[in-house]
Amino acid sequence: AKSTDNVEAYQTYLKGRALLYQRGPSVPLALQQFQKAVELDPNYALAWAGIADVYTVMGYYGTVRPDDVRSRALEAAGRSIELDPDSAEAHTALASALLFYRGDPAGAEREFLKSLELNPNYVQGRCWYALFYLQWTRGRFEEGLAEARRALDSDPLSSYALVILALCLGTAGHGE
């Protein structure tokens with residue numbers, strides 16, 4: 001993925017990702033960090049993907065009304081892809097926004113698969129594809145579980161992948 005030459009924008013983006021993965025009350029703080037990164041570098045595709053991801057998380061956790069953030073999520077994801085069409089993060093952000101805010105599972109699948117083609121080791125992309133698309137949207141529980149396992153295999157130290165795997169196991173009805 002194209003990055004930024006602005007070190008402060010990059011550091012701010014990383015803070016945003018760390019806060020987003022903490023969930024709960026950290027999510028609005030993540031949004032502030034991503035917005036600051038975009039202020040520092042308006043052409044920073046990863047920061048735009050982060051903004052879209054925050055709006056997706058806020059919408060599915062119910063901390064905001066989905067109608068209040070739908071257009072912002074879709075716009076931020078679109079901007080991210082416009083800036084870097086080869087960014088796995090951008091395609092995952094768009095896939096999630098399409099799934100949650102447009103009710104477009106076919107478009108979401110296309111974007112998730114593009115993301116995984118670009119970066120098969122992008123843990124968040126694989127996790128969201130596994131849980132949100134395969135299991136929750138399509139009811140393809142075993143495929144979702146396999147994808148979650150792949151995410152953990154690609155980054156065995158990822159607590160995020162471990163949590164998603166546990167959720168997939170629960171959704172698939174496995175007691176492993």
Side-chain angles (χ1 to χ4, degrees), residues 1 3-4 6 8-81 83-84 87-104 108 111-112 115 119 121-137 144 147-148 151-152 155 157-168 170-171:
S3 193
T4 180
N6 185 318
E8 187 179 356
Y10 175 69
Q11 291 172 335
T12 304
Y13 165 78
L14 291 177
K15 288 177 190 173
R17 278 286 163 202
L19 288 163
L20 181 60
Y21 290 144
Q22 289 176 17
R23 300 293 194 248
S26 297
V27 173
L29 300 174
L31 179 59
Q32 291 172 1
Q33 294 299 307
F34 292 134
Q35 288 172 330
K36 181 179 177 187
V38 164
E39 288 171 15
L40 292 165
D41 182 352
N43 295 317
Y44 191 11
L46 292 176
W48 283 105
I51 290 171
D53 288 346
V54 166
Y55 289 133
T56 294
V57 169
M58 290 174 142
Y60 74 71
Y61 275 153
T63 58
V64 297
R65 288 173 16 110
D67 288 346
D68 293 344
V69 295
R70 172 183 290 117
S71 65
R72 288 184 270 178
L74 290 162
E75 287 168 16
R79 179 74 175 133
S80 182
I81 286 181
L83 291 167
D84 187 358
S87 166
E89 293 86 344
H91 287 279
T92 291
L94 182 57
S96 303
L98 290 171
L99 192 60
F100 286 104
Y101 295 122
R102 275 227 182 110
D104 180 2
E111 294 299 324
F112 276 127
S115 172
N119 183 356
N121 295 319
Y122 179 43
V123 170
Q124 179 181 309
R126 192 162 299 279
C127 286
W128 285 13
Y129 176 60
L131 187 64
F132 301 152
Y133 179 78
L134 290 173
Q135 287 201 335
W136 291 358
T137 301
E147 289 295 329
L152 188 59
D155 187 355
L157 299 178
S158 172
S159 60
Y160 186 74
L162 187 60
V163 167
I164 295 298
L165 178 59
L167 288 169
C168 286
T171 302

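Along the sequence shown, residues carry numbers from 1.
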query: So among D53, V64, D68, which one has a side chain to side chain contact (heavy atoms under 4.5 Å, CB included) with M58?
result: V64
Flag the pair [X] / [Y] as yes when at least one side-chain heavy-atom distance between them is below 4.5 Å, and no otherwise.
X: L167; Y: V163; answer: yes
X: Q11; Y: L14; answer: no
X: Y10; Y: L46; answer: no
X: K36; Y: E8; answer: yes

message: Take a 6.0 Å sphere around CZ of R23 and say whether it holds more than 12 heavy atoms from other residues, nucleotides or ligands.
response: yes
query: Is the OH atom of Y160 crowded by more than 12 outside heavy atoms at less than 6.0 Å?
result: yes
Of all heavy-atom pairs between [X] and [Y], which one has the smallest distance, and what is that distance?
X: L83; Y: Y44; answer: CD1-N, 4.1 Å
X: A47; Y: V38; answer: CB-CG2, 3.6 Å
X: A9; Y: A37; answer: O-CB, 3.6 Å
X: L152; Y: S158; answer: CD1-O, 3.8 Å
X: F34; Y: G16; answer: CZ-C, 3.3 Å
X: A73; Y: A52; answer: O-CB, 3.5 Å

message: Assess the residue pair L20 and V57 against the criterion (side-chain contact (heavy atoms from CB on, under 4.5 Å)); give the C-alpha distance rounded to whole Å, side-chain angles, the decisive distance to 0.1 Å, and a yes or no.
response: CA-CA 9 Å; L20 181 60; V57 169; 3.9 Å; yes
Is the side chain of [X] donor-acceptor paired with the backbone N or O of [Y] at a distance under 3.5 Å, no angle test?
X: R70; Y: Y101; result: yes
X: S80; Y: A45; result: yes
X: W48; Y: N43; result: no

Distance check, rounded to the nearest 0.5 Å: [X] atom [atom1] versus [Y] atom [atom2]?
X: N121; Y: D155; atom1: CG; atom2: CG; value: 8.5 Å
X: L74; Y: L94; atom1: CG; atom2: CG; value: 7.0 Å
X: T56; Y: L98; atom1: OG1; atom2: CG; value: 9.5 Å
X: D84; Y: H91; atom1: CG; atom2: NE2; value: 8.0 Å
X: I51; Y: R79; atom1: CD1; atom2: CZ; value: 10.5 Å
X: Q32; Y: K15; atom1: CD; atom2: NZ; value: 12.5 Å

task: Please report the C-alpha distance between I81 and E111 in whole Å, then the side-chain angles of each, then the deciding distance to 0.1 Å, and finally whether the side-chain contact (heavy atoms from CB on, under 4.5 Å) criterion is met.
output: CA-CA 11 Å; I81 286 181; E111 294 299 324; 3.8 Å; yes
- prompt: Does the separation of the ring centres of F112 and F132 fall below 6.0 angstrom?
  reply: no
message: Show, in sequence, the C-alpha distance, side-chain angles and deciding distance for Y13 and R17, and conclude whether the side chain to side chain donor-acceptor pair (under 3.5 Å) test is met.
response: CA-CA 6 Å; Y13 165 78; R17 278 286 163 202; 3.0 Å; yes
